[in-house]
Amino acid sequence: MPDQQHLYLVDGSSYIFRAYHRLPPLTDPEGTPVGAVYGYTTMLWKLAEDLDKADGPTHLAVILDKDSQSFRNEIYPEYKANRPDPPEDLVPQFPLIRDATRAFSLPCIEEQGLEADDLIATYARAAQREGWNVTIVSSDKDLMQLVGEVDGPNGPARIDMLDTMKSQRIYIEEVEDKFGVKPELVGDVLALMGDSVDNIPGIYGIGPKTASKLIAEHGSLTAALDAAEYMKKSKLKERLLENRADAEMSRVLVTLKEDCDLPEPLDDFKLDGVPPEPLAAFLEKHGFTSLLRRLDAGSGSPDRPNNLNPEKAQTKGDAGTEEGNSQPLPEMPAVDRSAYETVQTMDRLLSWIERAEAAHEVAVDTETSSLDAMRAELVGVSLALGPNEACYIPLGHGGSDMFAERPEQVDREAALAALKPLLESDAVTKIFQNGKYDLNVLARYGIEVSPIEDTMIVSFALDAGRGQDGIGGGHGMDELSERHLGHTPIAFKEVCGTGKKQIPFGEVPLDKATEYAAEDADVTWRLYQHLKPRLSVEGGTRIYERVDRPLIPVVAGMEREGIKVDRARLAKLSEEFAQETARLEDEIHEAAGQEFTVGSPKQLGDILFEKLGYKGGKKGKSGQYSTDQSVLERLAGEGADIAKLVLEWRQLTKLKSTYTDALQQAINPDTGRVHTSYSLVGAQTGRLSSTDPNLQNIPIRTAIGRQIREAFVPESGNVLLAADYSQIELRLAAHMADVETLKEAFANGEDIHARTATEMFGEVTRDTRARAKTINFAILYGISRWGLAGRLEVEPDEAQEMIDTYFKRFPGIQRYIMETLETVRERGYSQTLFGRKTWFPRINSKNQAERQGSERAAINAPIQGTSADIIKRAMVRMLPALREEGLDNVRMLLQVHDELVFELPEGDVEKASPIIERVMAEAARPAVELAVPLGVEIGTGASWDAAH
DNA sequence: ACGATCACG
DNA sequence: GACGTACGTGATCGTA
């Protein structure tokens, strides 16, 4: 019996578009854009790696679109007529896709007058008739029609799909999940819903939901259309009856042609390995050096000299500044997952613990049932002592299904009791990646881990701001591993799946779980060896050891404390907001003369500027009218009542959905409190950010919003205490730019905006003070004359005069800006007073908008970042200072950039307040002696609102 | 998945 | 010669 053949058909055209949008705009050494090509190359690479695996490809071909004309255009001239031209920097990449394919020595099929989809369908069916299995590498929903299996000459022959970007196999079940019908009926669903990208009409007003419901109910498109006349009167019925012809034509358009002539016979697609030479030439030419390295490693050829910059494929606008990532990799063997041990007996566990104690350094990772550390149950722990020297200790696998057998494991209680001394031992450093999470989980099991190191935080101290717009600059483990070790760890979703079919980690079989979990510890250990030495070389030690690392357990503690919210009060507010919103919605519809979705800026824009004919509508780059607050306020000022109503409606719906509803959801059932999660690497400047829920943007500026703050309350017998730095960023600007006038004003405790008004306009009125305040902030943010003009509603010339006056009155500011920019241009990064770096890879970009954006951010970063450093230092010292004075019941709950929120017994307020104030006011010392005092304002009350 | 909008410092 | 204009975040909604 012959081995099962398996044909892979790669939908090259659709892949390149997706890769283009997902990847950064890389260019090769000659300046040709290659981002999409890079994505395509890595995908082929991955497929080629599967060559020898069970169910891997035996045959493979790449199918491309030759041109967009096909038989479909004869049926329907508008087919794909509204496709925009591909982006300019994608066009030169099309021919490179063919080069890449050739470099892998793979066949590349394209045919005049045939679309790739039809060729794929034809080949897939032909192979299936031969009894082969087929995998279509694509995520195009049209192709999902083909999924399924038939009886071939040697048993069932199946067609499935592979979405390489999501690492997802698509088989019958996945198609049914997406469309609600079997693959054979997908075409019927598509015919009803249409496709705006291909300009297939479908039936207007029918989307994916209605389409699959109709087809599932009636069994086919024809049956659904026939049934329309018996439906009860509705919009849907009308549309079905009226547009039957459109739907039927759409059905033809989405049908794949399965009987094209085959340009090449199937047997020509046979794979026999990838000859390395042409591939190496291709990778070298385009600067894909990380792949080149892997090719060398794989083929056992001698190492190339290390003069190749590992990050040669530079991103656009890269200043070519210091490349902190280009240190030679330490000598380490490649990751070998088969070397990991599954620890299933106390004996083996004790042996690992003993070795960890001897090593004085161990990487640790916990596996749990949830991403939310406050709800997560511990499922296992992994340890790593060296490269490939790692183990996984399952503690909570199986057992959720009472019929399934629970694999052999060490008893959880006993294992934790054995691990506790190690994890708490002063003599052993525990290395984590994002240790705050593990600290929280373990703390809930009674283990206070210390001392710790954290590779994520090290990476942040070294590389904050590197990478662009979140691409390639992150500090997550997978990214760090890719970047520094050239290794791709197993993705979580590969182990647990995703979406509805996601299983908890505790259900993962032990062999697979060990590969994943032990690898995480192994990678963490390797990353630490790689990153830690860079700290001292690159000047990151101070910020890491003195600020960010000690902050980890402090913030972890704050997250575990949580804050009490008054559910009943929020519910009542929700109810009020709902009623008021409904009333406003009616009024808005009345004013508009029709019903529409108020929450849709698109529909609202059309109503305001087309139907009602208001003037001055401005369309943004998306081609729709802007309807943001400033626009609506202008209209309201011109007497448009509807604009006023919409503003009110927006405020209320925002408050309800984002706060009063969401906060009730966020209450932890075990603790009865809300536990946010702070990101220690969220903001490039060094600030924290807060998620799930975000407690750093609770309303305060309006009376109606402040009601939400009233729902944040202390436990009985306690009060909330809020301590704010007053004007900290302006104070720091005064210090850093060395502005005498401002320093003096702060020293004298003056109202700084009023003082600015005096200097700028000669007198203090409500108006001049407000303008002065705007200008003060504008300067901190590196504003332009046009920006300031917009804010103050004056002409740019006048704004420029104000900026000039400001610089004249406050000499030092301009110099600060110039010097900061010069340094950043030269070094590539800015620094805070405490040495925190933020990188600006686009500071020397040739793209003006990009460059100026970086310049503004670079002016602001040292100030915002220094402020972040200071409050972080205060947080680290706060609880020890309070405990030292015997204040054991003061709890630090929240941080909001320049504010700390505490909960404490009423009786402790008097004693605690001056300590809190002192710790915050002195937080810069002794590292930095500021030329201005740091003002701290403290309030207390029976709610967060009242504490202000 | 992304843009628009709006909540905060 | 035109562009697009204040820094840093996160959540929600509608739309593609």
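Just so we're on the same page: letters track the sequence lines, and every chain starts at 1. Model, not experiment: these values are computed from the prediction.
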Take A:S690 and A:Y678 through the test side-chain contact (heavy atoms from CB on, under 4.5 Å) and record every step on the way to the result. CA-CA 4 Å; A:S690 156; A:Y678 288 101; 4.0 Å; yes
Could you please spell out the steps behind the side-chain contact (heavy atoms from CB on, under 4.5 Å) verdict for A:L688 and A:M875? CA-CA 12 Å; A:L688 306 186; A:M875 290 162 73; 4.3 Å; yes
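For A:R706 and B:dA7, the CZ to P distance is 13 Å, given to the nearest whole Å. Counting to the nearest Å, the P atom of B:dT5 and the CG atom of A:L652 are 18 Å from each other. Look at CD on A:E648: it is 14 Å from P on B:dC6, rounded to the nearest Å. Counting to the nearest Å, the P atom of B:dA7 and the CG atom of A:D661 are 16 Å from each other. Atom pair A:D724:CG and B:dG9:P shows a separation of 8 Å (rounding to whole Å applied). Counting to the nearest Å, the P atom of B:dA7 and the CG atom of A:N694 are 13 Å from each other. For A:R731 and B:dG9, the CZ to P distance is 17 Å, given to the nearest whole Å. A:K656 has its NZ atom 17 Å from the C1' atom of B:dC6, to the nearest Å.
Among the protein residues, A:S679 comes within range of no part of the nucleic acid, since none of its heavy atoms lies under 4.0 Å from any strand. Within 4.0 Å of A:G787, counting heavy atoms only, lie sugar-phosphate atoms of the nucleic acid but no base atom. Among the heavy atoms of the strands lying under 4.0 Å from A:R856 are primed sugar atoms or P, OP1, OP2 only; no base atom is included. A:A857 comes within 4.0 angstrom of sugar-phosphate atoms only, judged by non-hydrogen atoms across all strands, and of no base. Among the heavy atoms of the strands lying under 4.0 Å from A:Q852 is at least one base atom, whether or not backbone atoms are also near. Residue A:T838 is classed as having no contact, given no heavy-atom separation below 4.0 Å to the nucleic acid. Using a 4.0 Å heavy-atom criterion, one finds that A:I698 contacts the sugar-phosphate atoms exclusively. Residue-level contact check: A:E729 touches neither bases nor backbone, having no heavy atom under 4.0 Å from any strand. Within the 4.0 angstrom heavy-atom criterion, no nucleotide atom of any strand lies near A:I859. Residue-level contact check: A:S784 touches the bases, meaning some heavy atom is under 4.0 Å from a base atom. The residue A:A662 sits close only to the backbone: its heavy atoms come under 4.0 Å of sugar-phosphate atoms, none of a base. Using a 4.0 Å heavy-atom criterion, one finds that A:T627 contacts the sugar-phosphate atoms exclusively.
Nucleotides C:dA2 and B:dA7 are separated by 35 Å at their C1' atoms, to the nearest Å. The separation of C:dC3 from B:dC6, taken at their C1' atoms, amounts to 26 Å, rounded to a whole angstrom. Separating the C1' atom of C:dA6 from that of B:dC8 is a span of 16 Å, rounded to the nearest Å.
Using a 4.5 Å heavy-atom threshold, the side chains of A:L190 and A:D142 count as touching. Side chains of A:I870 and A:L732 form a contact here, defined as non-hydrogen atoms less than 4.5 Å apart.
Protein chain A contacts DNA chain C from C:dC3 to C:dA16, reading 5' to 3' and using non-hydrogen atoms of the protein with a distance under 4.0 Å.
Checking each of A:Q603, A:R650, A:K602 against A:T627 for a side-chain hydrogen bond (donor to acceptor under 3.5 Å, both in side chains) leaves exactly one that passes, namely A:R650.
Annotation: of the two residues near DNA chain C, A:Q864 and A:W786, the 5′-most nearest-nucleotide partner is A:W786. Comparing A:A849 and A:A858 along DNA chain C, the residue whose closest nucleotide (by nearest heavy atom) sits nearer the 5' end is A:A849.
By the 30° and 60° cut-offs, the orientation of the rings of A:F609 relative to A:Y625 is tilted.
The side chain of A:R650 places an N or O atom within less than 4.0 Å of a non-bridging phosphate oxygen (OP1 or OP2) of B:dC6. Contact check, A:R701 against B:dG9: a side-chain N or O comes under 4.0 Å of OP1 or OP2.
Remark: A:K872 engages A:D548 in a salt bridge, criterion side-chain N to carboxylate O under 4.0 Å. Under the 4.0 Å criterion applied to side-chain N and carboxylate O atoms, A:E559 and A:K436 are assigned as salt-bridge partners.
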Pair assignment for DNA chain C - dot-bracket with | for other-strand partners, Watson-Crick or G-U under 3.5 Å: ......|||||||||.
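Between A:Q684 and A:T838 the shortest heavy-atom distance is O-OG1, 3.0 Å. What you find for A:H753 and A:A772 is that their closest heavy atoms are O-CB, 3.4 Å.
Within the cation-pi definition used here (under 6.0 Å to the ring centroid, within 45° of the axis), A:K837 qualifies as a partner of A:Y829.
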